[in-house]
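All remarks here apply to the structure that follows.
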Amino acid sequence: MEKPLTQNIRPDGTPLNLAEYEKAGGYQGLRKALTQLSPGEVTQLVLESNLRGRGGAGFPTGRKWSFVPMGDDVPQPKYLVINADEMEPATFKDRLLMEGDPHQLIEGIIIAAYAVQAGIAYIFLRRAYVTARQRLKQAIEEACAKGYLGRNILGSGFNLELYLHMSAGRYICGEETALLNALEGKRAIPRSKPPFPPVVGLWGKPTAFNNVETICNVPHIIRHGPVWFKDLSRVPDGGTKIYGASGKVRRPGAWELPMGVTIREILEEHAGGMQDGLTLRALLPGGASTDMLTAENLDIPMDFNSMQEAGSRLGTGTIVVIDDRTCIVGLLANLMQFFAQESCGWCTPCREGLAWLTKILNAMEQGRGKPEDIDHLRLHTRLITLGRTFCALAPGAMEPLQSALMYFEDDFKRHIHEKSCPWRDL
Amino acid sequence: MLSEQEKKEIEVVAGHYPIKRAAGIEALKIVQKHRGWISDEVLSHVADALEMSPTDLDAVATFYNFIFRRPVGRHVILVCNSVSCWIMGYDTIVSYLKDRLGIGFGETTGDGRFTLLPNVCLGACDRAPVMMIDDQLYVNLDAEKIDKILGSYD
């Protein structure tokens, strides 16, 4: 099975330098794009590959690029922003790609910037990724020295400046318009949409916006073509995917697998199944803000459409495994505390609603829950929805809660009736 | 006053953006690297350097959790409190740390060695529970490991 994204990642994790990356076929996709293809043709190939955004939303990448206005009368410079914030709890896939093969990301960035004709690109990297920062910095310097960045790249007349921007924290920076505000040196508060970033983005200029894993696919698509890319996948969405698992499985980790493998394959073949004596009770398939699934759902393929049909989302594709000795109510209290704390505070349903829900869940976990609390929780999952909030943070926070109430209502009831957490001493 | 070194570093990073004030967060991080935290006085010097008001810069400084507006110890411990670490024993790890250091979250040890802070997911969930001290990540934590790690800092 081909693993284009991780083929260069060494067992000890040390990255390839520029010469080694080139020897492994690196920067050939860039050469092809800049010397043989027009920007429109690059976008067309990515469109045909059915590459969908790996940040969680799954929007087709080629279509996203096609929204960026082209031509001489468009405001300049245009920007490309790479979301390397990876702050969705339980997600650690972009770390793997940035630490293990930084040149792959840089090559993808240059090709993507060429496709949308962006003159300046920023990698927005989270503060905690210190190793990724060092390796990307080194790789950017190498790429500059070799002429892959800067002016007249490969004699094509295309210019690109690439900067690494280190974030100063906050989950909300993963929301693309909040990230733009953070890059502009402001508080990371989401912007009202429309206008959308491809037209009015960073400093009011057209801005393309992609996740790290998404962009790492681009050099391979250009080099080997969209048909090859689609064939990597078991489903209509093209490519492979970095899946992961954390929680009490035997071998937590991340693996590059064909898009559309089942949850069972990931958890049993790759993560080695549950630790001794534990049973799987539930899982969050793609990070903290995805609906829970249960042991009944293990044969569902992990792709965008199948997960949606199952009532959840692929999200980041990194699974949190919840075993039978972990309290679901306690876990939700942890998640809600996270979302409440990370709310930027701009809109009321998020600022007030999440804090209230956290209080209810904490009280319940500590044995102070009231029978009417379950209705309050459920009511909020119906009130805090997209369209009532400024961005997707608070609606995302409702996903694990609404699914837990659907699958595990008895757990909530037991906390209330027994006036303590039944899982406390397990 | 800002040192020549700080001014130089701020100038370089300000060149990455079309307007100076965009470098605010970066500039605060530069100064924090040299001084450990951002006092009111330093904040207003940085604001001057970026041609913006101290109030505007403070609005930014107080938004981001990695800008410290209060003094911190020589080393800052960030304990991951997100879902995977929580499942893997965050509660035990954090009570051990608090006992061992004799401080709670947001506090600094009497000898000025450590400040203890909770932190959202550090992106090392396959090796949970985890923490960072300054720029160093520590994984698969248990009591014995924590003792050894803390002992290696002065």
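Numbered from 1 within each chain, the chains take letters A, B, ... in sequence-line order.
- Using a 4.5 Å cut-off between heavy atoms, B:Leu137 contacts chain A through its side chain alone, with no backbone atom that close.
- Neither the backbone nor the side chain of A:Asp94 comes within contact range of chain B; no heavy atoms are under 4.5 Å apart.
- Each of A:Ala288, A:Ala182, A:Pro77 has some count of heavy-atom pairs under 4.5 Å with chain B, and the biggest count is that of A:Ala182.
- Among A:Tyr122, A:Phe338, A:Trp203, the residue with the largest count of heavy-atom pairs under 4.5 Å with chain B is A:Trp203.
- B:Leu122 touches chain A through backbone and side chain together, each having a heavy atom under 4.5 Å away.
- Under the 4.0 Å criterion applied to side-chain N and carboxylate O atoms, A:Arg281 and A:Asp323 are not assigned as salt-bridge partners.
- For a residue to count as touching a neighbouring chain, one of its non-hydrogen atoms must lie under 4.5 Å from one of that chain's; by this rule A:Val321 touches chain B with the backbone only.
- The number of heavy-atom neighbours closer than 6.0 Å to CD of A:Gln275, taken from other residues, nucleotides and ligands shown, is above 12.
- Applying the 6.0 Å contact sphere to CH2 of A:Trp346 captures no more than 12 heavy atoms from other residues, nucleotides or ligands.
- Side chain to side chain, A:Glu88 and A:Ser289 meet the donor-acceptor criterion of an N or O pair below 3.5 Å.
- Contact of A:Tyr129 with chain B is made through the side chain alone, with heavy-atom distances under 4.5 Å.
- Judged purely by distance below 3.5 Å, without hydrogens or angles, the side chains of B:His45 and B:Glu6 never pair a donor atom with an acceptor atom.
- A salt bridge links B:Asp147 with B:Arg100; the closest basic N to acidic carboxylate O contact falls under 4.0 Å.
- Residue B:Ala128: no heavy atom, backbone or side chain, is found under 4.5 Å from chain A.
- Within the 4.5 angstrom heavy-atom criterion, atoms from both the backbone and the side chain of A:Leu331 approach chain B.
- Per-residue heavy-atom pair counts under 4.5 Å with chain B were compared for A:Ser167, A:Gly244, A:Ala168, and the maximum is reached by A:Ala168.
- Residues A:His165 and B:Tyr17 have side chains that bring a donor and an acceptor to within less than 3.5 angstrom of each other.
- With respect to chain B, the highest number of heavy-atom pairs below 4.5 Å among A:Lys93, A:Arg133, A:Lys186 belongs to A:Lys186.
- A side-chain donor from one of A:Tyr163 and A:Glu161 sits under 3.5 Å from a side-chain acceptor of the other.
- When heavy atoms are compared at a cutoff of 4.5 Å, A:Ile172 approaches chain B solely by way of its side chain, counted from C-beta outward.
- For the set A:Gly253, A:Gly247, A:Ala188, the count of heavy-atom pairs under 4.5 angstrom toward chain B peaks at A:Ala188.
- When only modelled atom types and interatomic distance are considered, B:Asn65 and A:Arg170 share no side-chain donor-acceptor pair under 3.5 Å.
- Cation-pi geometry between A:Arg127 and B:Phe66 is met: the NZ or CZ atom falls under 6.0 Å from the ring centre, inside 45° of the normal.
- A:Phe339 does not touch chain B: none of its heavy atoms, backbone or side chain, sits under 4.5 Å away.
- Between chain B and the options A:Glu86, A:Arg126, A:Met87, A:Gln341, heavy-atom pairs under 4.5 Å are most frequent for A:Arg126.
- Looking at A:Thr326, the atoms closer than 4.5 Å to chain B (heavy atoms on both sides) all sit in the side chain, from C-beta outward.
- With 3.5 Å as the limit, one finds no donor-acceptor pair spanning the side chains of B:Asp58 and B:Thr55.
- Of the atoms belonging to A:Arg187, heavy atoms from both backbone and side chain fall under 4.5 Å from chain B.
- The parts of A:Cys344 that come within reach of chain B are both its backbone and its side chain, each placing non-hydrogen atoms under 4.5 angstrom from that chain.
- Interface residue B:Ala124: backbone and side-chain heavy atoms are both found under 4.5 Å from chain A.
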